[in-house]
Amino acid sequence: MSLVVLVLALGVLATAVASAAIVRLLPTLQLQLAALALVAVCLPLGVVLGSGLVMFGMHGSAKIAVVSVVSALVVLAGALLLGLRILRPLWRLGAASKRLAAGDLSARAPESGPRELRELGTSFNEMAASVEQLFDARRELVAWASHDLRTPLASLRAMVEALEDGLATPAEYMEAIRFQTEILSRLVDDLFELAMIDAGALRLELRETSLGKLISRCLSSIEAEAKAQEVRLESRLDPADPAVRIAPDKVERVLLNLLANAVRHARPSGEVSVVVEPNSDHVVVAVEDTGDGLGPGASLRMFDRFWREDESRARASGSAGLGLAIAQGLVHAHGGTIWAENRRGGGARVAFTLPLADARPRVADPSPDTG
């Protein structure tokens with residue numbers, strides 16, 4: 001009897017190993033699940049039949065066979081139903097991935113089934129949503145860039161045609177041509193810098209420096225525009241003026257952009273201030289104005305590309321609405337953050353952080369947010 005049991009156990013073990021090897025060779029998950037269900041039913045069934053024959057001999061073999069076959073069919077049916085429940089979400093996920101690959105960016109997978117499959121569907125949908133947002137942002141970028149390029153080009157074409165027809169002299173249009181050319185040049189430069197930021201190819205020549213001189217240069221550069229708007233400029237710096245590790249030219253561009261926006265939105269006889277507040281591992285640089293403050297939703301959208309709160313005022317100044325998006329990208333490249341909010345006493349406040357020279361700079365994604 002013991003020899004028979006030993007032979008039976010070795011036979012079951014060999015059959016299980018062979019079955020596992022065969023199941024792995026099947027080409028599809030559907031076939032593997034079906035084979036696994038078949039093995040899971042037949043192997044125990046074989047053990048039960050063998051044990052029954054050994055224990056009871058051939059007298060009850062017919063009854064044992066009938067009970068075993070009926071039990072096997074029931075278990076096999078349950079296994080197949082369970083396999084279908086597992087496979088259906090995978091089939092739908094496969095169909096959704098094919099639709100997404102074919103260009104249907106609205107394709108989404110069902111978030112149903114066992115927990116692992118639900119998590120897989122959720123991850124796929126998050127990826128699909130990110131891809132859709134990326135394509136939407138690119139389409140919006142091309143549309144707005146085309147719109148902003150068309151306006152100065154149409155103006156230049158009209159002036160050239162007027163000169164060709166003898167309706168005006170070059171001297172009359174020289175200043176206007178120079179202004180439109182500067183708008184085009186500025187837009188192309190901004191688009192190029194955004195492309196560098198998006199590609200992660202922006203190189204920062206970091207060095208330790210203090211912010212005092214940099215802020216003074218920026219205030220001097222914007223002083224003429226501030227006087228024309230009857231806006232007073234001031235700075236409130238920390239007496240210690242701690243050193244920061246930055247690329248001065250990039251931070252200067254960020255600060256000039258924020259100052260120009262603040263001067264344009266400040267009320268006549270108002271004030272624009274640059275405030276520096278040191279922290280444990282960074283400094284907060286804030287530009288505050290005494291204007292009307294931010295409108296509803298402006299703090300969330302003002303760093304979007306081509307977004308303008310006041311379309312007419314932005315057009316008149318030649319602004320393409322890329323300055324704040326670039327500023328955000330440059331701040332992120334330094335490992336900092338930038339945000340906007342309304343001041344308690346009225347007006348707006350746009351602030352950003354920079355790493356201190358003695359603090360280890362954090363690695364940050366240099367791409368600007370798209371809202």
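Note that the numbering runs from 1 along the sequence shown for the chain.
- Distance check: E341 CD to R343 CZ gives 10.5 Å after rounding to the nearest 0.5 Å.
- When the options V263, L258, N261 are evaluated for a side-chain contact (heavy atoms from CB on, under 4.5 Å) with V272, the one that passes is V263.
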Stepwise side chain to side chain contact (heavy atoms under 4.5 Å, CB included) check, L330 with I338: CA-CA 10 Å; L330 295 177; I338 185 170; over 6 Å; no

Can V254 and F352 be said to form a side chain to side chain contact (heavy atoms under 4.5 Å, CB included), step by step? CA-CA 9 Å; V254 172; F352 60 95; 4.0 Å; yes

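- Using a 4.5 Å heavy-atom threshold, the side chains of P355 and D281 count as separate.
- The two residues T290 and G270 come nearest to each other via the heavy atoms OG1-CA, 3.3 Å.
- Judged by distance alone, with hydrogens and angles left aside, the side-chain atoms of T122 form a donor-acceptor pair with the main-chain N or O of R118 at under 3.5 Å.
- Under the 4.5 Å side-chain heavy-atom criterion for Ile, Leu, Val, Met, Phe, Trp and Tyr, L256 and V283 are members of distinct hydrophobic clusters.
- Taking 4.0 Å as the cut-off between side-chain N and carboxylate O, R236 and E288 count as a salt-bridged pair.
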Go through the steps to decide whether L211 and L354 satisfy the test side chain to side chain contact (heavy atoms under 4.5 Å, CB included), and finish with yes or no. CA-CA 10 Å; L211 288 172; L354 294 171; 4.2 Å; yes

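- Taking NZ of K213 as the reference point, atom CD of E252 lies at 13.5 Å (rounded to 0.5 Å).
- We find that E182 and R178 are not joined by a salt bridge, their nearest charged nitrogen and carboxylate oxygen being 4.0 Å or further apart.
- A 4.5 Å side-chain heavy-atom check between H265 and D292 finds every atom pair outside the cut-off.
- Across all non-hydrogen atoms, the minimal contact from A260 to E225 is O-OE2, 4.3 Å.
- How far CD of E164 is from CE of M159: 13.0 Å, rounded to the nearest 0.5 Å.
- Proximity of L206 to H334: side-chain heavy atoms (C-beta onward) are separated by under 4.5 Å at one or more points.
- Here the closest heavy-atom approach between residue T209 and residue P248 is recorded as CG2-CG, 4.3 Å.
- Of the inter-residue distances, the one linking L356 atom CG with H282 atom NE2 reads 8.0 Å to the nearest 0.5 angstrom.
- There is no side-chain donor-acceptor pair under 3.5 Å between S130 and E132.
- Side-chain atoms of I326 and R253, non-hydrogen and from C-beta on, do get closer than 4.5 Å to each other.
- Expressed to the nearest 0.5 Å, how far CZ of R264 lies from CD of Q229 amounts to 9.0 Å.
- Residues D289 and R267 are not paired through a salt bridge, judged by the lack of any N-O separation under 4.0 Å between the basic side chain and the carboxylate.
- Cluster annotation: L156 and V188 are assigned to distinct hydrophobic clusters (Ile/Leu/Val/Met/Phe/Trp/Tyr, side-chain heavy-atom contacts under 4.5 Å, transitive).
- Using a 4.5 Å cut-off between side-chain heavy atoms of Ile, Leu, Val, Met, Phe, Trp and Tyr, with links allowed through other members, L233 and V275 fall into different hydrophobic clusters.
- Salt bridge annotation for R232-E223: absent, with no cationic side-chain nitrogen under 4.0 angstrom from a carboxylate oxygen.
- Under a hydrophobic clustering in which Ile, Leu, Val, Met, Phe, Trp and Tyr are joined whenever their side-chain heavy atoms come within less than 4.5 Å, directly or via other members, L259 and W339 fall into different clusters.
- In this structure, D165 contributes its side chain and L167 its backbone to no donor-acceptor pair below 3.5 Å.
- Counting all heavy atoms, side chain and backbone alike, E111 lies closest to N125 at OE2-ND2, 2.8 Å.
- Considering CD1 of I222 and NZ of K227, their distance stands at 13.0 Å, rounded to 0.5 Å.
- The two atoms that bring A107 and F124 nearest to each other are O-CE2, 4.4 Å, heavy atoms only.
- Scanning all heavy atoms of the two residues, the minimum distance from L163 to P170 falls at CD2-N, 3.6 Å.
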Starting from the C-alpha separation in whole Å, work towards a yes-or-no answer on side chain to side chain contact (heavy atoms under 4.5 Å, CB included) for L100 and M127. CA-CA 11 Å; L100 184 66; M127 179 199 69; 3.9 Å; yes

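- Under the 3.5 Å distance criterion, the side-chain polar atoms of T353 are left unmatched by any main-chain donor or acceptor of V284.
- L184 and I177 end up in the same hydrophobic cluster when Ile, Leu, Val, Met, Phe, Trp and Tyr side chains are linked at under 4.5 Å.
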